[in-house]
There are 2 protein chains.
Amino acid sequence: MRVSAKADYAVRAAAELAAAEEGPIKGIRLAEAQDIPLQFLEHILLELKHHGIVRARRGAKGGYWLAKPADEVTVADIVRAVEGPIAHVQSTPPEAIEYRGNSEHLQEVWIAVRANLRAVLEEVTLADLVSGEMPSVVTDLVATPDSWAAR
Amino acid sequence: MRVSAKADYAVRAAAELAAAEEGPIKGIRLAEAQDIPLQFLEHILLELKHHGIVRARRGAKGGYWLAKPADEVTVADIVRAVEGPIAHVQSTPPEAIEYRGNSEHLQEVWIAVRANLRAVLEEVTLADLVSGEMPSVVTDLVATPDSWAAR
DNA sequence: ACTTTCCCGACCTGCTTGGTCAGGAGCGCG
DNA sequence: CGCGCTCCTGACCAAGCAGGTCGGGAAAGT
C-alpha cells in the first residue's frame with residue numbers, strides 16, 4: 001500500500017513533459033527540474049516509452065515528449081506502466097481471489113479498495129496536474145482536513 | 001500499491017477470531033481454517049499482539065482472541081499493524097512531501113489517494129466482515145460493475 | 001566524422017517477502 | 001512437581017525488488 005520512488009519519479013517527469021510547450025526535452029533537463037538521478041530516470045523513461053506513454057529521439061536535438069495529449073494521459077497509466085497492476089492481492093487481481101470460511105466477504109473489501117484507488121488515479125490527467133485544476137473527487141477529498149492527518 | 005500476503009493473512013485470521021464466540025482459538029485452527037502456513041501465521045499473530053489487536057495465552061487451553069470487540073477493530077488497524085503506514089510515498093507521509101516545478105500539485109493527488117484508501121479500510125470492521133453486512137461505501141463500489149473489471 | 005543523446009543490459013547494496021527451523025517460556029493438569 | 005501443550009522469539013534462508021550506478025552501443029544531427 002505504498003507508492004514507490006519509481007512511480008513518484010515517473011509521474012513527476014511526465015508532468016514536466018506535459019508542461020513543456022515545444023519540442024523534445026532532454027533527460028538531463030527533466031532530471032534537474034525534478035531532482036531525480038539521471039541514469040535512474042532514463043530507465044524509467046524507457047519503460048514509459050515501451051508502454052507507449054512517451055516517445056523519444058536521440059542525437060543533438062533529441063529528447064522525450066508525450067506520445068499523447070496531456071489530457072489523455074492519467075496518473076493511473078503511469079503508475080501501471082512502472083509498478084504493474086494496481087491493488088493486487090498476493091499478486092493476483094482481487095476479482096480472481098476466492099476466500100473461504102469467515103473471510104468470504106474480504107474480496108468485496110479489496111474490490112472496493114481498488115475501485116477507490118482507481119477513482120482518483122484514473123481521473124487525474126497530466127493536464128490537470130500541471131494546471132492545478134483537479135477533478136472534483138480530488139478537490140473534495142483535499143478539502144477535508146482529516147485527509148491531511150497523520151495516522 | 002499492492003496488498004501483501006501478510007496483510008491478507010492477517011485480516012483473514014482476525015476475521016476467524018472475530019467469528020469465534022467462545023474461548024481462545026489455537027493457531028493451528030486458524031491456519032487450517034484459512035489455509036495459511038502455521039509458522040508464518042504465528043509470526044503475524046505475534047505482530048498483531050504487539051500492536052494490541054489480539055491477546056494470547058500459552059498452554060493446553062491456550063490460543064488467541066481479539067483484544068477488543070470485533071466492531072471496534074477495522075481492517076485499517078490490521079493492515080497498519082503488519083504493513084506499516086498506508087499510502088506513504090518514498091517512505092514519507094504524503095502531507096510531508098514538498099514538490100517543486102510542474103509537479104507541485106502531485107501532493108494533492110497522493111493525499112486524495114490515501115484518503116480514499118482510508119475511506120474503505122477504516123470503515124470496515126471485523127464484525128462487518130464476518131456478518132457480510134458491509135458499510136455503504138463498500139456496497140456502493142461493489143455494486144458498480146466497472147469495479148470488477150480487470151485493467 | 002564526431003558529438004550528442006537516448007538505449008539497454010549488467011551489476012551492486014541493502015531491504016522486503018514469504019517463508020522454515022530450533023529452541024525457550026509460560027500455562028494448565030494430573 | 002512434572003509434563004505436555006501452545007505460544008514466543010530469534011536466526012536463518014532463497015528469491016526478488018528498490019533504488020540506484022556503470023559501461024558501452026546505436027541513432028540523430030551538423
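Numbered from 1 within each chain, the chains take letters A, B, ... in sequence-line order. Just so it is clear, the values below take in all heavy atoms, side chains as well, and ignore hydrogens, waters and symmetry mates.
- Protein atom CG of A:D8 is 14 Å distant from nucleotide atom C1' of D:dA18, rounded to whole Å.
- For the pair A:Q107 (side chain) and A:I97 (backbone), a donor-acceptor distance under 3.5 Å is present.
- A heavy atom lying under 4.0 Å from DNA chain D marks none of the residues of residues 78-93 of chain A.
- Residue A:L48 contributes atom CG, which lies 14 Å from atom P of C:dC6 at whole-angstrom precision.
- Remark: side-chain polar atoms of A:R80 are not paired, donor with acceptor, to backbone N or O of A:I86 under 3.5 angstrom.
- Within the 4.0 Å cut-off from OP1 or OP2 of C:dG19, at least one side-chain nitrogen or oxygen of B:Y9 is found.
- Atom pair A:L41:CG and C:dC8:P shows a separation of 15 Å (rounding to whole Å applied).
- Listed by first and then second residue, the salt bridge (Lys or Arg N to Asp or Glu O under 4.0 Å) pairs involving residues 133-151 of chain A are A:D146-A:R151, A:R151-B:E122 (not counting sequence neighbours).
- The shortest heavy-atom contact between B:A10 and B:V82 is CB-CG1, 4.0 Å.
- Across B:Q34, B:R12, B:E16, a single residue satisfies side-chain hydrogen bond (donor to acceptor under 3.5 Å, both in side chains) together with A:N102, and that is B:E16.
- At distances below 3.5 Å, not a single donor-acceptor pair connects side-chain atoms of A:W65 with backbone N or O atoms of A:L17.
- Pairs engaging residues 38-65 of chain A under the salt bridge (Lys or Arg N to Asp or Glu O under 4.0 Å) rule: A:K6-A:E47 [sequence neighbours left out].
- No side-chain donor-acceptor contact under 3.5 Å links A:D71 to the backbone of A:A127.
- Nearest nucleotide to the B:H50 side chain, out of C:dC6, C:dG19, D:dT9: D:dT9.
- Looking at heavy-atom distances under 4.0 Å, A:R29 makes no contact with the nucleic acid at all.
- For the contact set between residues 30-38 of chain B and DNA chain C, defined by any heavy atom under 4.0 Å, the members are B:P37.
- Nucleotide D:dA28 holds its P atom 14 Å from the OH atom of A:Y64, rounded to whole Å.
- At the phosphate of C:dC6, neither OP1 nor OP2 sits under 4.0 Å from any side-chain N or O atom of A:K49.
- Against DNA chain C, the stretch residues 51-62 of chain A makes heavy-atom approaches under 4.0 Å through A:A56, A:R57, A:R58, A:G59, A:A60.
- Following chains of ILVMFWY side-chain contacts shorter than 4.5 Å, one cannot reach A:V75 starting from A:V130, and the two form parts of different hydrophobic clusters.
- Protein atom CD1 of B:I44 is 13 Å distant from nucleotide atom C1' of C:dT20, rounded to whole Å.
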I'd like a table of atom pairs between the protein and nucleotides 9-14 of chain C - only N or O on both sides, under 3.5 Å - with the distance next to each one.
| unit_1 | atom_1 | unit_2 | atom_2 | d |
| --- | --- | --- | --- | --- |
| C:dG9 | O6 | A:H43 | NE2 | 2.9 |

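- Formation of a donor-acceptor pair under 3.5 Å by the A:S147 side chain with backbone atoms of B:A115 is not found in this model.
- Atoms CZ (B:F40) and P (D:dG10) sit 16 Å apart, rounded to a whole Å.
- The distance between atom CH2 of B:W65 and atom P of D:dC7, rounded to the nearest whole Å, is 10 Å.
- Rounded to the nearest 0.5 angstrom, B:S91 OG and A:R2 CZ are separated by 4.5 Å.
- Checking the phosphate oxygens (OP1, OP2) of C:dG18, no side-chain nitrogen or oxygen of B:K6 falls inside 4.0 Å.
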> Should B:I78 and B:V73 be marked as a side chain to side chain contact (heavy atoms under 4.5 Å, CB included) after you check the CA-CA gap, both sets of side-chain angles, and the distance that decides it?
Replying inline: CA-CA 8 Å; B:I78 296 172; B:V73 183; 4.2 Å; yes

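- Side-chain N or O atoms of A:S4 include one that pairs as donor or acceptor with a backbone N or O of A:A7 at under 3.5 Å.
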